[in-house]
Amino acid sequence: MRWVLGPLVLFLAACGFLGSPPVEGELSPGEVVRGLSLPPAQGTDALTPGVKGYRLLLNQEGAVEVGVVSTGLGLQSRLRLLLLDERGVIQAVSVARHWFGAYPEIAPLGLGPQGIGVLPLGPGVRLNLRGNVGQFYLRVENYAPLEDTVDLYARYFSPDARGQGEPLALGATSGAIEFVGESDYYRLPSESGLYLRFAYAGPLDLVAKLYRAQDDPAPRTLNPNGCASLEGASLLVVRDRGLARAGFNEENSGRYRLEVSGVPCP
């Protein structure tokens, strides 16, 4: 049966299904697991990472940040963190210090040095989730050829509150895409002669979409550092183009800037 099970496992992994991993223990927001030992990766061309699993327990609804920081290899570390639901389906995967994605293929093994830092804001890899009461699974992967020691943490946080359908006034405002699949919504002013400037300099593929109405089948799409007239538009949506990437409420991560003014576009 081995020749059947091998392809089956590869197929399920490609579909984002890894199954519930073996667990070393449990982690709740507000806790830190220190000194977790990760085995070295095996292989050369196709690396098999050293893996440890943890059960993430949520006792309330809210936004949760989960991260892992190397305290062993430091700048030699090559870590990846995956979030799985109770069925073992991948919900999010870390990519780099400043962003994460919906599935591993978004940046397969694009692992750079992650360094040593002070939890929870030091270098490392991390991801966000909107959690309900219940449990998820964390899969911590080591792709370095050496054993690593890491600290694993989870904490509740307050996400950026903008982009919930509020009116966008004259002047500048900022928002952030902090969850996979998130879209920020703004109602646009009805005055004529106004223009929107959309600024973003991070790793996500953000776009600003201008809708004439909520059911507009063909909105105008504004790319970062672009400008557009608001004539005829009533709704603005900011999102990752493929709804597959997210970041944090930080510069050069998930934070963007919007400015409405009467200054015409260049």
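Computed from a predicted model, the values in this text were never measured in an experiment.
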Report whether [X] and [Y] are members of the same hydrophobic cluster (ILVMFWY, side-chain heavy atoms less than 4.5 Å apart, transitive linking).
X    : Y    : answer
Y211 : V207 : no
I90  : V23  : yes
L36  : L127 : yes
V263 : L194 : no
V237 : L168 : no

Test item: [X] side-chain N/O and [Y] main-chain N/O as donor-acceptor pair under 3.5 Å:
X    : Y    : value
S37  : T149 : no
S253 : H98  : yes
N128 : E178 : yes
D205 : D240 : no
R197 : S261 : no
R139 : G53  : no
R162 : S174 : yes
T173 : L258 : no

Practice prompt. Begin with the C-alpha distance, continue with both residues' side-chain angles, and end with the deciding distance and a verdict on side-chain contact (heavy atoms from CB on, under 4.5 Å) for L138 and L83.
Written response: CA-CA 5 Å; L138 299 172; L83 175 73; 3.8 Å; yes
Worksheet item: When you check the side-chain N and O atoms of S77 and D148, is any donor under 3.5 Å from an acceptor?
Response: no
Worksheet item: If you measure only the distance, is there a donor-acceptor pair under 3.5 Å linking the side chains of Q91 and D85?
Response: yes
Of all the heavy-atom pairs spanning [X] and [Y], show the shortest one and how long it is.
X    : Y    : value
E61  : Y156 : O-CE2, 4.5 Å
A176 : D184 : O-OD2, 3.5 Å
A102 : V93  : C-CG1, 4.5 Å
P203 : N252 : CD-O, 3.4 Å
L210 : A233 : CB-CB, 4.2 Å
S70  : V150 : CA-CG1, 4.0 Å

[X] versus [Y]: any side-chain heavy-atom pair under 4.5 Å?
X    : Y    : result
Y185 : Q164 : no
V66  : S94  : no
P29  : R155 : no
Y137 : R55  : yes

[X] [atom1] to [Y] [atom2] distance, which is reported to the nearest 0.5 Å:
X    : Y    : atom1 : atom2 : value
L79  : L73  : CG    : CG    : 8.0 Å
L47  : N142 : CG    : CG    : 10.0 Å
F198 : N223 : CZ    : CG    : 8.0 Å
L206 : Y256 : CG    : OH    : 8.5 Å
L146 : R78  : CG    : CZ    : 11.0 Å
L57  : Q135 : CG    : CD    : 6.0 Å

Worksheet item: Hey, what's the ring geometry for F157 with F179, parallel, tilted or perpendicular (30° and 60° as the breaks)?
Response: parallel
Worksheet item: Which is it for D216 and L235 under the side-chain contact (heavy atoms from CB on, under 4.5 Å) test, yes or no, and what are the steps along the way?
Response: CA-CA 10 Å; D216 184 357; L235 178 68; over 6 Å; no
Fill in: Residue Q214 excluded, over 12 heavy atoms near CD under 6.0 Å
no
Discussion item. Let's go through V133 and L58 carefully: what are the C-alpha distance in whole Å and the side-chain angles of both, what is the deciding distance for side-chain contact (heavy atoms from CB on, under 4.5 Å) to 0.1 Å, and is it a yes or a no?
Written reply: CA-CA 5 Å; V133 175; L58 305 182; 5.7 Å; no
Worksheet item: Where do E141 and R80 land on the salt bridge (charged side-chain N to carboxylate O under 4.0 Å, His left out) test, with the steps shown first?
Response: CA-CA 5 Å; E141 299 181 338; R80 188 163 72 175; 3.0 Å; yes
Practice prompt. Starting from the C-alpha separation in whole Å, work towards a yes-or-no answer on side-chain contact (heavy atoms from CB on, under 4.5 Å) for E182 and R130.
Written response: CA-CA 10 Å; E182 178 182 3; R130 280 196 179 103; 4.2 Å; yes
